[in-house]
Amino acid sequence: MTMVNESPADTALRADPAYEAATQVFNLFAPVSPAAAVTAHSVDEVRSAIRHARRQGLGVRVQATGHASATARPMGDDLLIRTALGADVEIDALRRVARVPAGTRWASVVEAAARHGLAAPHGSSPTVGVVGYLLNGGLSMYARYTGLAVNSLRAVELVTADGELRRVDATDDPALFGALRGGGGGFGVVTAVEVALFPATAVVTGAAFWPATDAARLLPLWRRWTETAPATATTSIRVMNLPRLPEIPAVLTAGPILCLDGVVLAPGEDDLDAMRQQAQDLLAPLRAAAEPVMDTWQEAGPTLVPDTHMDPPEPVPVLGDHMLLGELGDEGIAEFLRVTVDRPGSALTVAELRQLGGALATAPPGSGALGRLDARYAYSGAGVPGGDATEQEIREHCALVREALGRWDTGRTAPTFVASLEQPQGHLDAEGVLAVDRVRLRIDPDGLFRGDVAPGSSLLV
Ligand SMILES: Cc1cc2nc3c(=O)[nH]c(=O)nc-3n(C[C@H](O)[C@H](O)[C@H](O)COP(=O)(O)OP(=O)(O)OC[C@H]3O[C@@H](n4cnc5c(N)ncnc54)[C@H](O)[C@@H]3O)c2cc1C
């Protein structure tokens, strides 16, 4: 692709430091390689980049942090716009809404909201970008209380293919607003979003760890608790094979380990006693069944929650898989144990079951293309190629788990958990895909953003 001398100041080609900066990704196993790349710091820079792409005959792609690079389509003929619209997060405490510029990571929203006694529907990593997470559904640490995080979107500001800056919400272009909410992307460059927050007087949050040899006793107890758990509690349970690194406590790297983490929320002052009791109901039977080797569960404020899951803050190579599962029962849990804990030399650094249900099960009135997750657990498994396992070994182990849990696979997926382009995707039904495509054809008739559409979300690509 020939580039002429009419590019915005910092539109860059390969080997240029500005190109390297704009194409940084979190998942080092899935680098991106667009024809050109630019970091946009303002709406004007976004517009100028879109004009430039049109002149050059390039498609337009968007990313902020590159956390989802493993599910991005190849970018060979595209201009990648990295959004870094560095303004502050603004909190409207009365409406309980945050206005968040594109490029902001969740940690900044959590900090800003907490100053007003509010919490945000963030996921397990403070460094994930707000916009990419929300547009693709977003499974929050509070998911069973908030529902899918995308339902918290109140407005989206975006520059569309015609260069126009639009603000869409439930009354202003509701069809586009609906398609933006979980429809699979490809509508333009989002420059800011407004997100509903919720009151959080206190939380009980943390992680407890046991040798994985205790998992056969603990996992069935946890599963039974999930059957009647309150919606104010959201947890996940993981079998982990952690590398021996100085930053990881030695007690967690001595062998395979089981980890239970999550949040129990007290929205108001009156909910504090209930929160403490709910945390007790979750933790006491597990602590009694086997003594944890490390246990950080504690009463705290919401700013502690983004660190609870201990996701890696720095880029790493990751290769994994994901399924949304129905009720596993004791039989499904036994299968999960068989292909994770009972398998010496596991290639999976993490095999996780996130607890679904609660508010996730129902799409609230007026929700968008994706408003709910119809499943009981979100499974994800991942390894680090070139770490303790090879790419081949990780792929084989992922396939083994997929086969073992196949009986419980709902065939649906949570878009933010899908781990690669090849993986089956199923977050929209056929009718939903068509409805979103109709909006795409209206908003982007030339398909400028078509490469940015998530696989499984469109008949147009
Ligand atoms: C360590 C880790 C922990 C995670 N934890 C969770 C979790 O708890 N819950 C959960 O649901 N997900 C989780 N995820 C997945 C994460 O939410 C998705 O990868 C999400 O898409 C990342 O958004 P991003 O903007 O940071 O990433 P990017 O890769 O930068 O963007 C992802 C996609 O979002 C779109 N996009 C981003 N910015 C814009 C914009 N300004 N305009 C238009 N489109 C845009 C683009 O289509 C882009 O391809 C996690 C991922 C990692 C690596």
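As the structure lists them, so they are numbered: ligands from 1, and atoms in each ligand from 1.
For the pair Gly186 and ligand 1, no heavy-atom separation below 4.0 Å is found. Contact between Phe187 and ligand 1 is absent, with no heavy atom of the residue lying under 4.0 Å from the ligand.
Between atom 50 (C) of ligand 1 and the options Val60, Val128, Leu85, the minimum heavy-atom separation is to Val128. Nearest to atom 52 (C) of ligand 1 by heavy atom, out of Met141, His67, Arg61, Met310, is His67. If you check each of Gly184, Ser124, Ala419 against atom 6 (C) of ligand 1, the one with the closest non-hydrogen atom is Ser124. Checking Ala68, Pro312, Ser140, Ala192 against atom 32 (C) of ligand 1, the nearest heavy atom belongs to Ala68.
Using a cutoff of 4.0 Å between basic side-chain nitrogens and carboxylate oxygens, Asp162 and Arg47 are not scored as salt-bridged. Salt-bridge annotation for Arg354 and Glu352: present, with a side-chain N of the basic residue lying under 4.0 Å from a carboxylate O of the acidic one. With respect to the salt-bridge test (charged N to carboxylate O, under 4.0 angstrom), the residues Arg450 and Asp452 do not qualify. At a threshold of 4.0 Å, the pair Glu194-Arg99 does not count as salt-bridged, since none of the basic side-chain nitrogens sits closer than that to a carboxylate oxygen. We find that Arg14 and Asp16 are not joined by a salt bridge, their nearest charged nitrogen and carboxylate oxygen being 4.0 Å or further apart. Residues Arg402 and Asp321 are paired through a salt bridge, judged by an N-O separation under 4.0 Å between the basic side chain and the carboxylate.
Aromatic rings of Phe198 and Tyr142 (six-membered ring for Trp) have centroids within the 6.0 Å cut-off, being under it.
Counting atoms of ligand 1 from 1 in the listed order, those under 4.0 Å from a heavy atom of Gly138 are 11 (O). If you number the atoms of ligand 1 from 1 as listed, the ones under 4.0 Å from a heavy atom of Gly66 come out as 27 (O), 28 (P), 29 (O), 30 (O). Interface atoms of ligand 1 facing Ser125, defined by a heavy-atom separation under 4.0 Å, are 3 (C). The ligand atoms of ligand 1 that sit less than 4.0 angstrom from a heavy atom of Thr65 are 24 (P), 26 (O), 27 (O), 30 (O). Near Val190, with a cut-off below 4.0 Å to any heavy atom, the atoms of ligand 1 are 40 (C), 41 (N), 42 (N), 43 (C). Heavy-atom contacts of Gly123 reach the following atoms of ligand 1: 7 (C), 8 (O) (cutoff under 4.0 Å). Every atom of ligand 1 with a heavy atom of Val131 under 4.0 Å away is listed here by number and element: 38 (N), 39 (C), 40 (C), 41 (N). Each of the atoms 21 (O), 34 (O) of ligand 1 lies under 4.0 Å from some heavy atom of Asn136.
At a heavy-atom distance under 4.0 Å, only side-chain atoms of Arg354, from C-beta outward, approach ligand 1. If you look at Asp311 next to ligand 1, the close heavy atoms, those under 4.0 Å, all belong to the side chain. At a heavy-atom distance under 4.0 Å, only side-chain atoms of Thr83, from C-beta outward, approach ligand 1. Using a 4.0 Å cut-off between heavy atoms, Phe26 contacts ligand 1 through its side chain alone, with no backbone atom that close. Contact annotation for Ala102 and ligand 1: only side-chain heavy atoms (C-beta onward) come within less than 4.0 Å of the ligand. Proximity of Thr71 to ligand 1, defined as any heavy-atom pair under 4.0 Å, is not found for any part of the residue.
The closest protein non-hydrogen atom to atom 40 (C) of ligand 1 is Val62 CG1, 3.4 Å. Nearest protein heavy-atom neighbour of atom 44 (N) of ligand 1: Leu135 CD1, 3.7 Å. Closest to atom 9 (N) of ligand 1 among all protein heavy atoms lies Leu139 O, 2.8 Å. Taking atom 47 (O) of ligand 1 as the reference point, the nearest protein heavy-atom neighbour is Asp452 OD2, 3.3 Å. For atom 15 (C) of ligand 1, the closest non-hydrogen atom on the protein side is Thr416 O, 3.3 Å. Nearest protein heavy-atom contact of atom 13 (C) of ligand 1 is Phe417 CE1, 4.2 Å. The closest protein non-hydrogen atom to atom 34 (O) of ligand 1 is Gly132 CA, 3.3 Å. Looking only at heavy atoms of the protein, atom 17 (O) of ligand 1 is closest to Tyr133 CD1, 3.4 Å.
Between Thr71 and Ala419 the shortest heavy-atom distance is CG2-C, 4.1 Å. In terms of heavy atoms, Leu158 sits closest to Val190 at CB-CA, 3.8 Å. The shortest heavy-atom contact between Phe29 and Pro385 is CD1-CG, 3.6 Å. Minimum heavy-atom separation, Ser457 to Arg440: O-NH1, 3.2 Å.
The closest side-chain donor-acceptor pair between Gln278 and Thr232 falls under 3.5 angstrom. Between Thr226 and Tyr377, the side chains place a donor N or O and an acceptor N or O closer than 3.5 Å (distance only, hydrogens not considered).
Ring geometry, Phe26 versus His67: the interplanar angle falls under 30°, so the pair is classed parallel (tilted spans 30 to 60°).
A side-chain donor-acceptor contact under 3.5 Å links Thr234 to the backbone of Arg144.
Between atom CD1 of residue Ile248 and atom CE of residue Met240 there is a gap of 8.5 Å, rounded to the nearest 0.5 Å.
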